[in-house]
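Only one structure is covered here, and it is reproduced in the block below.
Throughout, protein chains are lettered first and strands after them, A, B, ... in sequence-line order, and every chain is numbered starting at 1.
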2 protein chains.
Amino acid sequence: MKIGETHYRTIWLGEDGWSVEVIDQTLLPHVFEIMRLTTVAAAASAISTMVVRGAPLIGATAAYGMALAAREDASDQALEQAYATLLATRPTAVNLAWALDDMRARLLAVRPDQRLNLAYARAAEVCDDDVATCQAIGRHGSVLIRDAHERKGGADVVNVLTHCNAGWLATVDWGTALAPIYTAHDAGIPVHVWVDETRPRNQGAALTAYELGSHGVPHTVIVDNAGGHLMQHGMVDLCITGTDRTTAHGDVCNKIGTYLKALAAHDNGVPFYVGLPHSTIDWTLGDGVAGIPIEQRDGAEVSHIHGIGEDGQAATVRLVPAGAPVGNYAFDVTPARLVTGLITERGVCPASREGLLGLYPEKAANAA
Amino acid sequence: MKIGETHYRTIWLGEDGWSVEVIDQTLLPHVFEIMRLTTVAAAASAISTMVVRGAPLIGATAAYGMALAAREDASDQALEQAYATLLATRPTAVNLAWALDDMRARLLAVRPDQRLNLAYARAAEVCDDDVATCQAIGRHGSVLIRDAHERKGGADVVNVLTHCNAGWLATVDWGTALAPIYTAHDAGIPVHVWVDETRPRNQGAALTAYELGSHGVPHTVIVDNAGGHLMQHGMVDLCITGTDRTTAHGDVCNKIGTYLKALAAHDNGVPFYVGLPHSTIDWTLGDGVAGIPIEQRDGAEVSHIHGIGEDGQAATVRLVPAGAPVGNYAFDVTPARLVTGLITERGVCPASREGLLGLYPEKAANAA
C-alpha cells in the first residue's frame, strides 16, 4: 500500500538482487526506515526483535531467511541449522513453521548447487502468494462491510473495531483483518475504524493508525479498555481482527486482549470476524485454550513505553514504580463460540471444524 | 496507610489549621509531593486535574473545598458559587454531588458567622466517616478472600484481579476495592494481586502498584488486555474493583474497561465483586448503561503517556502518528448481571435492587 506517493510492500529484494529489505516496524509510526538483511542471523533477529511482525510477514521473512542461508552455505547441515534458528524466533506463529517446512522440504529435495536459485524463487512466490491471499480476504470480507452499510440504510458510515495490527504492515501487502477495510474503502463504502492501541506494544496506536492514515481511511485510536463501552452503545457495527494461529475447530489465538473484545461483541450482538490466510490454520489442534502455549515476553514491554518525546526524539518512559513485578502474556485464545465467522482467501465460513472443512475439504483426513 | 515508615491519609489539615494538604497523585509513583490547597478554586482544580481522584477522595476534597470557600466568603451567594464550581469538576462521580449537597444544606441552615467552624468540622467528619466506611468494607470483603483461601485448601495464595485504583489513594484511607486485600493481608492470608495498568491514565500501574508495594502486598502489573487470558487459565480466584457510581439496580459505572473484565469473569466462573461506600449509590437510577452519561476526556491522555525517563526525570512520549484522531471515554457501565456481589460498609449483597435494599431498607421509598 502507499506511504506518501510510493507504493511499498513490507519485504522486497534490494537493488543488488540478493539482499532483503524490510521496513523497520519498531521505529514506526515516528520514523520510516528501511533495514537491509544480508544473513540468516539478521533475518532471525529481525523476526525476534519485531522489526518485522505479523504472521504472514514473519513467514515471508523466514522464507527469505532460508534464501540468505542458502547463499552462505547450501549444505543440508547448514540449512537444517538455519531452519532451527529461524523456527526458534517466535514460538506462537504457525505460519513461521509452515514457511520454514515448505522451504526446507523444497531445498533438501534438490542438489545443493540448485538450492540458491530455488530458494529465492520460492521466497518470492511465498510473497506473491501472500499478496494474492490478502486480496482475496479483502474481497470476501468487504462484502460483510458492504452488507453492514446496506443494513444501515446506505447512508451511515460503517464502524469497524480492530485489535492490534493485521494490516498490510503485518503481511506482504493489503493485510488480513484490514484488507476488507481497504477494499471497502477503495470501493467507496464509508468506513471508520476504531483502532485499539493494543498494549503492551501498541501496534494499533503505532502501526494500524499509521497505515490507515497513510491510506486515507478514517479512524480513531482508543485504549484497549474502550471497545466494550462502544459496543454497548451501538458504536461498533462489526469487529475484524487477525489471528496468529487458528485451530481446526475455529479457536483463534491472537494478540492479548482479542478474547475480551470477542466477549463484548458477543454480549452486544456485534458480529466478530477474524481474517486469516490458510497458513495460520493449525489443523493438528482442536482446543486452542488448552492446546496453545502462550508466549511470555520481557516485562519491560509492560513497565516501559516507547514513543516520541517532546523534542521529537525516540524516548522511553517507565510507568510502574521502580522494581514493580510485571507479567507480559503476549497472546490469548478466543474460543470459536465467540467468533461469528472466519474470513479466508476461499471465502467466509463459520468458526468450526465443519466450517473450515467446508472451505478446505482436502484437510479432512488430517484435521483435529 | 504507610509510605515508608510514615502513616498518611490522602487529605489532612495543614499545620496552620486551615489549609488543606493532599498528595499530588499526578506525580506518583515516581515523585511523592504534597500540595497545599488554600482556595476553593485550588480545590476544584485539584479535582479536575486529578491531583486527587477516586470517588471518596473527590467527595472529601469537595467538602474541604466548601470549607475553604466559607473562609473566603460565607454568604449564601458565595457558597452557591463554590458549590457550582466544585460540582462541575467531574460529571460522573456521584459522591462529589453527595458531599456537596450535604455541605451546602448544613451550611445554609445556619447563620453565616457560624458556617466556617461548621464547614471544617463537617469536612473532618466526612473524612473520618470515609475511613470507618472503608474499614468496614475491608472487614466484609476480606471474608470473601478468606473463603477463597479455604476453598483452595488453605495452602495456595489467593489471586485477586483489580482494575484502576480503588485503594487508599482513592479514598481517605484503606480504599474500597483494596480494603479487603489489605485486611486479608494484614490477617496473614496469602494474597497476590493482578494489577491492571488501566489505560489511559495508568492508575493501576502507577498508583495501585505503588500503594500495594509500599504496604508489602505481593502483586504483578499486567496490561489491561491480559485479564481474560489469566481467567481462562484459572489464575484469578476473584476480581474486586471499585465503582464511581452504582445504580439502585446494581449496575456499576467504573473506570473504562471494567465491563470487559466482568465479562471475562462471567465467562470463566470467576466471582466478580465491587467494593463501594454507600455514597457512590445513585438511588435515582436503574439502568446504568442507558442512564449514566460517560465523561469524554482530553485525547492527549490516549495519544501521550507520562512516565519517568531514562534520566530519572518526568517525561511524556507520544504513541500515535502525529495528528492521529483519538477518542477517550473515561468510564463504562458493568451491568448488574455480571456482578457477583457488592461489598458495602454494611455487608455483601447481590448486585440488584433487592440486594441493595436488603442492606439499605431506608432507601426503599426513593429507589429507582
Side-chain angles (χ1 to χ4, degrees), chain A residues 29-30 194-195 197-200 202 205-206 209-210 213 218-230 232-233 255-261 263-264 266-267 289 294 299 302-310 315-329 331-333, chain B residues 29-30 194-195 197-200 202 205-206 209-210 213 218-230 232-233 255-261 263-264 266-267 289 294 299 302-310 315-329 331-333:
Chain A
H30 310 298
W194 295 108
V195 178
E197 69 169 346
T198 319
R199 285 280 289 142
N202 303 313
Y210 176 79
H219 62 284
T220 304
V221 179
I222 52 173
V223 294
D224 302 304
N225 285 324
H229 168 71
L230 298 177
Q232 281 180 318
H233 290 271
K255 190 61 53 189
I256 190 81
T258 303
Y259 167 53
L260 295 171
K261 294 305 140 61
L263 285 168
H266 188 260
D267 199 46
V289 176
I294 298 299
V302 174
S303 59
H304 292 68
I305 287 198
H306 306 292
I308 199 95
E310 280 151 357
T316 298
V317 297
R318 173 165 52 81
L319 298 179
V320 303
V326 166
N328 185 9
Y329 301 85
F331 299 91
D332 64 21
V333 174
Chain B
H30 310 298
W194 295 108
V195 179
E197 70 169 344
T198 319
R199 285 281 287 141
N202 303 313
Y210 176 80
H219 62 284
T220 304
V221 178
I222 52 174
V223 295
D224 302 304
N225 285 323
H229 168 71
L230 298 177
Q232 281 181 317
H233 290 270
K255 190 61 51 188
I256 190 83
T258 302
Y259 167 53
L260 295 171
K261 294 304 140 59
L263 285 168
H266 189 260
D267 199 46
V289 176
I294 298 299
V302 174
S303 59
H304 292 68
I305 287 197
H306 306 293
I308 198 97
E310 281 150 357
T316 298
V317 297
R318 172 166 52 83
L319 299 179
V320 303
V326 166
N328 186 9
Y329 302 85
F331 299 91
D332 63 20
V333 175

Legend entry - Note, B:H229 side chain near A:V333 side chain (heavy atom, < 4.5 Å): no

Legend entry - Most chain A-contacting option - heavy-atom pairs closer than 4.5 Å, from B:T198, B:N202, B:V289: B:V289

Inset, instruction - Heavy-atom distances under 4.5 Å only: say whether A:P29 touches chain B with side chain, backbone, both or neither. - result: side chain

Inset, instruction - Under 4.5 Å, counting heavy-atom pairs only, tell me which of B:V223, B:L230, B:D332, B:T258 racks up the most with chain A. - result: B:V223

Inset, instruction - Quick one: which of A:A324, A:G299, A:A264 has the most heavy-atom pairs under 4.5 Å with chain B, could you say? - result: A:A264

Inset, instruction - Heavy atoms only: give me the nearest A:L319-B:I305 pair and the separation to one decimal. - result: CD2-CG2, 3.3 Å

Inset, instruction - Over all heavy atoms of both residues, which pair between B:P321 and A:A209 is shortest? Give the atoms and the distance, please. - result: CD-CB, 3.7 Å

Inset, instruction - Please look at A:H266 and chain B and tell me whether the side chain, the backbone, both or neither of the residue comes under 4.5 angstrom of a heavy atom of that chain. - result: neither

Inset, instruction - Give the ring-plane orientation class for B:W194 versus A:Y329, where under 30° counts as parallel, over 60° as perpendicular and anything between as tilted. - result: perpendicular

Inset, instruction - Select one option (side chain, backbone, both, neither) describing which atoms of A:E197 are under 4.5 Å from chain B's heavy atoms. - result: side chain

Inset, instruction - Taking the side chain as every heavy atom from C-beta outward, state whether B:H306 and A:V317 have any pair of such atoms under 4.5 Å apart. - result: no

Legend entry - chain B contact via A:Y259 - which portion, at a heavy-atom distance below 4.5 Å: side chain

Legend entry - Heavy-atom pair count under 4.5 Å with chain B, highest-scoring of A:N225, A:D267, A:V326: A:N225

Legend entry - Region of A:H30 that comes under 4.5 Å of a non-hydrogen atom in chain B: side chain

Legend entry - Proximity breakdown for A:D224 and chain B, heavy-atom pairs closer than 4.5 Å: both

Legend entry - Choice from B:T316, B:I222, B:I308, B:V320 maximising heavy atom contacts with chain A below 4.5 Å: B:I308

